[in-house]
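So the structure is just underneath, and the comments pick up after that.
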Number of protein chains: 2
Amino acid sequence: MTRKRQILKTAAQLFKERGYSAVTMRDLAAAMDMKAASLYNHISGKQEILATIILEVAHEFTTGMDMVEENDKSAFAKAEQLIILHIKIALEYTDALAVLNTDWMHLEGAPYQEYITLRKEYELDFKKILESGIKTGEFKAMNVETMLFNLLSTLRSIYLWIPKKSTTEVADLKKELPQILLTGISS
Amino acid sequence: MTRKRQILKTAAQLFKERGYSAVTMRDLAAAMDMKAASLYNHISGKQEILATIILEVAHEFTTGMDMVEENDKSAFAKAEQLIILHIKIALEYTDALAVLNTDWMHLEGAPYQEYITLRKEYELDFKKILESGIKTGEFKAMNVETMLFNLLSTLRSIYLWIPKKSTTEVADLKKELPQILLTGISS
DNA sequence: CCTACCGATCGGTAGG
DNA sequence: CCTACCGATCGGTAGG
């Protein structure tokens, strides 16, 4: 792992714990066992760290969505795959995902605009899948915005629960979360 | 409204937008059309503002939960009432709820401990309702933690969607959200 | 990767 | 509610 990679990883951990604004370059340097000034040999500044962390994981979602859209499965199956996608990314990028969720508003300039665009496109793609599922009768004819809101609320929170889970519990989650989100909890 | 109330309200708006750590006492003073030093005639410091905002709305949830527990309705009806409770609080305390959700980790000392305790009790009470619903057969015999996770994820996010909604859309939400959360979206 | 340092800004206080 | 100010700390640079 390059030194820059190590800095990004450590920064994601600290940002997750205390938030971007509350973490200083001196905090980050101390966690890396170096001085603040030395960080600037690897990164241009605090903003670059934030932008890199967030946009990397944002692109993971976009790539995942593209793959789901390419297959010709049912809307229900696509929704199921997206739920699995969120669980997988939450497992692999737990800290970065936390930063994306809590500190995206501290992005500035072009990275901010890029993040907003990626998120808007992702939500639109997700909505289209739900709409097609309503059309085919797979989903109830309810308010699509409310359906999407419920799904994304839970999917965006997964990173909060994943770290506490064992491997077998994560396996359970992959089975039960699609069931709960799509078919509900009532008998 | 007392001057202190005005300060708390303005602070909640700013904290919601930029986060506790990124808002300075000078920002808050400017939004109140006064100088930073003058704030200290009404509040003891930045921490007191944060603690007051968060604990007030946290107690709203505890009070609401107590009322729901007192009635002798079914578990399903209780879960429905809790969903309505979250919508109502999100409507009345939108900014404070945002602060609770995003900045609780910046609480210090006794207020931090109190918040953690209130949250733990609330989640435990919610879990008991779900468990009793499983026992009576109202809910599927699934992992209770996963059920609770899904419900709370969505309920905690409501404040993000409420401000964009019209009165009629909020009425729709009160009808459809319990349906989606409890009976799912599949036909 | 370090020491030394910059101007700016932070939360908060003194005293009126 | 204000002016004036405090020590501490911020993100970042110069120069080695």
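In the text below, chain A, chain B and the rest are named by the order of the sequence lines, each starting its count at 1.
Between C:dG11, D:dT3, D:dG11, one nucleotide has an atom nearer to the side chain of B:Ala37 than all others, and that is D:dT3. Distances from the side chain of B:Asn41 to the nucleotides C:dG11, C:dC2, D:dC2 place D:dC2 closest. Relative to the side chain of B:His42, the nucleotides D:dT13, D:dC1, C:dC10 differ in distance, and D:dC1 lies closest. Nearest to the side-chain atoms of B:Arg26 among the listed nucleotides D:dC1, C:dC10, C:dC5 stands C:dC10. For A:Lys46, taking side-chain heavy atoms from C-beta onward, the closest of the listed nucleotides D:dT13, C:dA14, D:dG12 is D:dG12. Nearest to the side-chain atoms of A:Lys35 among the listed nucleotides D:dG11, C:dC2, C:dA14 stands C:dC2.
Enclosure of atom CG in B:Asp72 is not indicated, since only 12 or fewer non-hydrogen atoms of other residues, nucleotides or ligands lie within 6.0 angstrom.
The distance between atom NZ of A:Lys4 and atom C1' of C:dC1, rounded to the nearest whole Å, is 18 Å. The nearest whole Å value for the distance from the CD atom in B:Gln47 to the C1' atom in C:dG12 is 14 Å. The distance from atom CD1 of A:Ile43 to atom P of C:dC1 is 12 Å, rounded to the nearest whole Å. Distance B:Glu48 CD to C:dG11 P: 15 Å, rounded to the nearest Å. The CZ atom of B:Arg18 sits 14 Å away from the C1' atom of C:dT9 (whole-angstrom rounding). The distance from atom CD1 of B:Ile49 to atom C1' of C:dG12 is 12 Å, rounded to the nearest whole Å. In this structure, B:Met32 places its CE atom 12 Å from C1' of D:dC1, rounding to the nearest Å. The distance between atom CE of A:Met25 and atom C1' of D:dA8, rounded to the nearest whole Å, is 19 Å.
Aromatic ring orientation, B:Tyr122 versus B:Phe61: perpendicular (interplanar angle above 60°, classes split at 30° and 60°).
The residues A:Glu60 and A:Lys88 are annotated as not salt-bridged, no charged nitrogen and carboxylate oxygen being separated by less than 4.0 angstrom. Between A:Glu56 and A:Lys9, none of the side-chain N atoms (NZ, or NE/NH1/NH2) sits under 4.0 Å from a carboxylate O, so this pair counts as no salt bridge.
When both distances must be under 3.5 Å, the Watson-Crick or G-U wobble mate of D:dC1 is C:dG16.
The backbone N or O of B:Tyr20 sits less than 3.5 Å from a side-chain atom of B:Lys46, completing a donor-acceptor pair.
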